[in-house]
Structures are given as C-alpha cells and as structure tokens.
Engineer: 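So that we are looking at the same thing, I have put the structure below in structure tokens.
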There are 2 protein chains.
Amino acid sequence: MSVINIGEASEKTGVSAKMIRHYEDIGLLPKSKRTESGYRFYKEDDLHNLIFIKRARALGFSTAQIKKLMGLWLNKSRKSADVKKITQDHIEELEVKLKEMQQMIKALKEMSGCCHGDQKAECPILENLSKT
Amino acid sequence: MSVINIGEASEKTGVSAKMIRHYEDIGLLPKSKRTESGYRFYKEDDLHNLIFIKRARALGFSTAQIKKLMGLWLNKSRKSADVKKITQDHIEELEVKLKEMQQMIKALKEMSGCCHGDQKAECPILENLSKT
DNA sequence: ATAGACCTTCCCACGATGGGAAGGTCTATA
DNA sequence: TATAGACCTTCCCATCGTGGGAAGGTCTAT
C-alpha cells in the first residue's frame with residue numbers, strides 16, 4: 001500500500017497543500033496520520049475525500065454544506081432525500097445570486113449604452129450613479 | 001446650513017455608520033470634519049458621496065472601482081471614455097461569474113433531477129460528487 | 001556532509017460587512 | 001442639576017476561502 005505525503009496528495013488531486021491542511025483544521029477531513037517526524041501521510045484511499053471536496057467546491061457548495069454531504073456520503077443508512085434537500089437549497093441560493101447579477105448587468109449595460117465613451121466630460125453613467 | 005451626525009447620515013442614506021467610518025478609513029470618503037468633542041459631522045452636501053457609493057455598490061462595483069469612479073466624478077476635465085472603460089470591465093467580470101454560476105446550476109439541476117430524494121441510500125448526487 | 005526541496009506551525013492578508021467592548025458625550029426628564 | 005439612556009469614539013474580532021511568507025525541522029540525492 002503506497003503512502004504519499006501532502007505534496008503528492010496535492011498534485012494528484014489538484015487541491016493545494018494549504019487547503020488540505022485547512023480542511024483538516026476545520027474538520028472537513030479527518031486528522032491525517034503522521035510519520036514519526038510529524039509529516040502528514042495519505043493512502044490512495046484518502047484521496048477520495050479530497051476529490052469529493054474538490055468536486056463539491058467546483059459546484060459552489062460551501063464548506064458547511066460539504067461537511068453535511070460528506071457525512072451523508074459516509075453514512076450507509078442515509079436517505080437520498082437529505083442529500084437532495086441540501087442540493088436544492090444550494091441551487092436556490094445560487095439562483096438568487098444569479099438574478100441579482102443579471103439585474104446588475106442589465107442596469108450597467110443600459111447605463112453604458114448611453115455613454116458616448118469619448119473625450120468629453122459629460123457622462124450618463126456618473127449622472128446615474130449620483131442621482132438621488 | 002444644517003449639520004448632522006453619523007447616525008443621521010446613516011439614516012438618510014441607508015449606509016450603516018460602520019460602513020461610513022470604513023469608507024473614510026480606506027480613503028473612499030474624505031476625512032469628515034469633527035466637532036470639538038470628536039464627533040463626525042456632515043452637511044447635506046456630503047451625503048451625495050454616500051449616495052454615490054451606495055448606488056455603485058448596489059451595481060456590484062468594488063471599492064477600488066468606486067474610488068476611481070469618484071475621482072472621475074469629481075474631475076471636471078474627465079473623459080467619459082474612462083468611466084465607460086471601468087463600467088465595461090466590471091460588466092465583463094460579472095458576466096464571467098454569471099456564466100460560472102449558470103454552469104454550476106445546470107450541473108446541479110441535472111444531478112438533482114436524477115436523485116429520487118426518498119428514504120433510500122442510493123443517491124446519484126453523491127455518486128457524481130465522488131466520481132474521479 | 002551538504003544543498004535544495006520539502007515538510008511543520010504560526011501569523012497576516014484579501015473584501016465587505018457586522019458584532020461587541022470600553023469609554024466618552026449629548027440630551028431630555030425627574 | 002443629576003442622572004439615564006441614546007448616541008458617539010476607537011479598537012479588536014469574526015465571517016469565507018484562499019494564498020503568502022517566515023522560522024525552523026526533515027528528507028534525499030549528490
């Protein structure tokens with residue numbers, strides 16, 4: 001059973017060593033085993049956790065949400081309803097933010113479209129920003 | 001000329017007193033005048049700055065961007081092109097984030113749509129998250 | 001043996017915002 | 001006029017995810 005250190009684990013998973021330590025600190029990962037000299041070491045199997053976290057982060061889940069998801073993942077008597085609930089909540093949060101951003105973009109484009117963008121001082125963008 | 005303290009300025013503009021102080025700290029607002037006892041005070045005219053910041057924040061501009069925008073706003077010999085540039089850059093940043101979020105939502109919805117969300121342990125969401 | 005690459009922990013930073021403590025000031029009422 | 005309560009001040013800490021860097025220890029190839 002091959003054993004790797006944090007640098008290799010980082011390379012293999014694409015999660016920085018800094019973040020691996022951080023995830024351990026906040027309890028997202030179990031405390032890793034250590035060599036006699038204090039170096040963390042991992043087995044191939046431990047990398048699954050890191051990959052799980054990486055995927056979940058890429059999908060925008062917060063570390064709090066990931067903690068719950070990992071708990072369910074490891075729990076053989078989980079209910080898929082619980083997983084789905086977390087996912088649905090997350091989707092809703094994202095959609096709220098998405099709408100906010102779309103509104104911002106819409107307003108910004110309208111303002112920008114009114115601005116000549118030339119050498120003159122007159123500027124509808126600034127007028128809009130300063131209007132009460 | 002009526003003079004108001006930070007609490008009233010906050011009420012009138014909807015910017016928290018905490019944030020008014022913060023904007024002053026980071027140089028987004030000029031140092032406010034003080035009474036003999038050290039209280040900040042503002043005139044009606046000073047509120048325009050706060051309103052400007054508030055509008056700009058609502059449109060997602062960063063404080064760094066707002067600093068530039070306010071500089072241009074106060075500069076009578078500005079070129080509207082400079083304002084438009086900042087705005088366009090901001091729009092592009094937002095659009096990048098928007099697309100990322102849309103992709104996340106799309107992937108999440110697909111996963112969620114495959115999950116029965118019932119009492120059983122089998123869960124395509126977790127399977128997806130853990131797949132290499 | 002030594003250099004260089006790697007590991008450890010610890011502290012600091014970002015950005016925007018809020019919480020809260022300790023202490024000073026202002027104002028209305030008793 | 002004294003006092004309570006509301007407000008102000010500064011200062012430090014927290015969030016969230018991530019990275020930088022220092023000081024010091026370890027490992028490995030030459």
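Proteins get letters first, then strands, A, B, ... in listed order; numbering begins at 1 in each. The structure presented is a predicted model; accordingly, all values stated were derived computationally and were not measured.
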Engineer: Base, sugar-phosphate alone, or nothing: which one does A:R21 contact when heavy atoms must sit under 4.0 Å apart?
Structural biologist: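 Base contact.
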
Engineer: Grab the CE-P distance between A:M19 and D:dG20 for me, whole Å please.
Structural biologist: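 Going from A:M19 (CE) to D:dG20 (P), I get 12 Å.
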
Engineer: Look at the side chain of A:Y39 and the base of D:dG25, then say whether one donor and one acceptor between them are separated by less than 3.5 Å.
Structural biologist: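 Yes.
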
Engineer: Using a distance-only criterion (donor-acceptor N/O pair, under 3.5 Å, no hydrogens), is the base of D:dG17 paired with the side chain of A:K18?
Structural biologist: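 No such pair is found, so the answer is no.
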
Engineer: Counting only side-chain nitrogens and oxygens, does A:S62 get under 4.0 Å of the OP1 or OP2 atom of D:dC16?
Structural biologist: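 Answer is no, no contact under 4.0 Å.
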
Engineer: For A:I53 and D:dG17, what is the distance between atoms CD1 and C1' respectively, to the nearest whole Å?
Structural biologist: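 So the two atoms are 13 Å apart, to the nearest Å.
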
Engineer: Starting from P on C:dC26, measure out to CD on B:E36 and report it in whole angstrom.
Structural biologist: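 Result: 9 Å.
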
Engineer: CE/A:M70 to OH/A:Y23 distance, rounded to the nearest 0.5 angstrom?
Structural biologist: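 Between atom CE of A:M70 and atom OH of A:Y23 there are 10.5 Å.
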
Engineer: Contact class for B:S16 vs. all strands (heavy atom < 4.0 Å): base, sugar-phosphate, or nothing?
Structural biologist: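 The answer is sugar-phosphate, as B:S16 gets under 4.0 Å only of primed atoms, P, OP1 or OP2.
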
Engineer: Please report the distance, rounded to the nearest Å, between CD in A:E11 and P in C:dA5.
Structural biologist: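 To the nearest whole Å, that distance equals 15 Å.
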
Engineer: Does A:K85 pair with A:D89 as a salt bridge, N-O distance under 4.0 Å?
Structural biologist: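 Salt bridge flag = yes for A:D89 with A:K85.
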
Engineer: Between A:H22 and A:T35, which residue's closest nucleotide on DNA chain D lies nearer the 5′ terminus?
Structural biologist: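 The 5'-side residue here is A:H22.
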
Engineer: Take atom CD1 of A:I6 and atom C1' of C:dC6, then tell me their distance rounded to the nearest Å.
Structural biologist: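 In whole Å, C:dC6 C1' and A:I6 CD1 are 11 Å from each other.
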
Engineer: Ignoring backbone atoms, test whether A:R34 places a side-chain nitrogen or oxygen under 4.0 Å from the OP1 or OP2 oxygen of D:dT26.
Structural biologist: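 So the side chain of A:R34 is outside the cut-off, no N or O lying under 4.0 Å from OP1 or OP2 of D:dT26.
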
Engineer: Given D:dG17, is OP1 or OP2 found less than 4.0 Å from the side-chain N or O atoms of A:T63?
Structural biologist: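 It does, given that an N or O in the side chain of A:T63 lies less than 4.0 Å from OP1 or OP2 of D:dG17.
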
Engineer: Under 4.0 Å between any heavy atoms, over every strand shown, what does A:Y23 touch: base, sugar-phosphate, or nothing? Just pick one.
Structural biologist: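 Sugar-phosphate contact only.
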
Engineer: Once you round it to whole Å, what is the distance between C1' of D:dC8 and CD1 of B:I20?
Structural biologist: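 Distance check: B:I20 CD1 to D:dC8 C1' gives 13 Å.
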
Engineer: Using five pairs at each end of the helix from C:dA1-D:dT30 to C:dA30-D:dT1 to define an axis, what is the angle between those two axes, to 10°?
Structural biologist: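 Nearest ten degrees gives 30° for this helix.
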
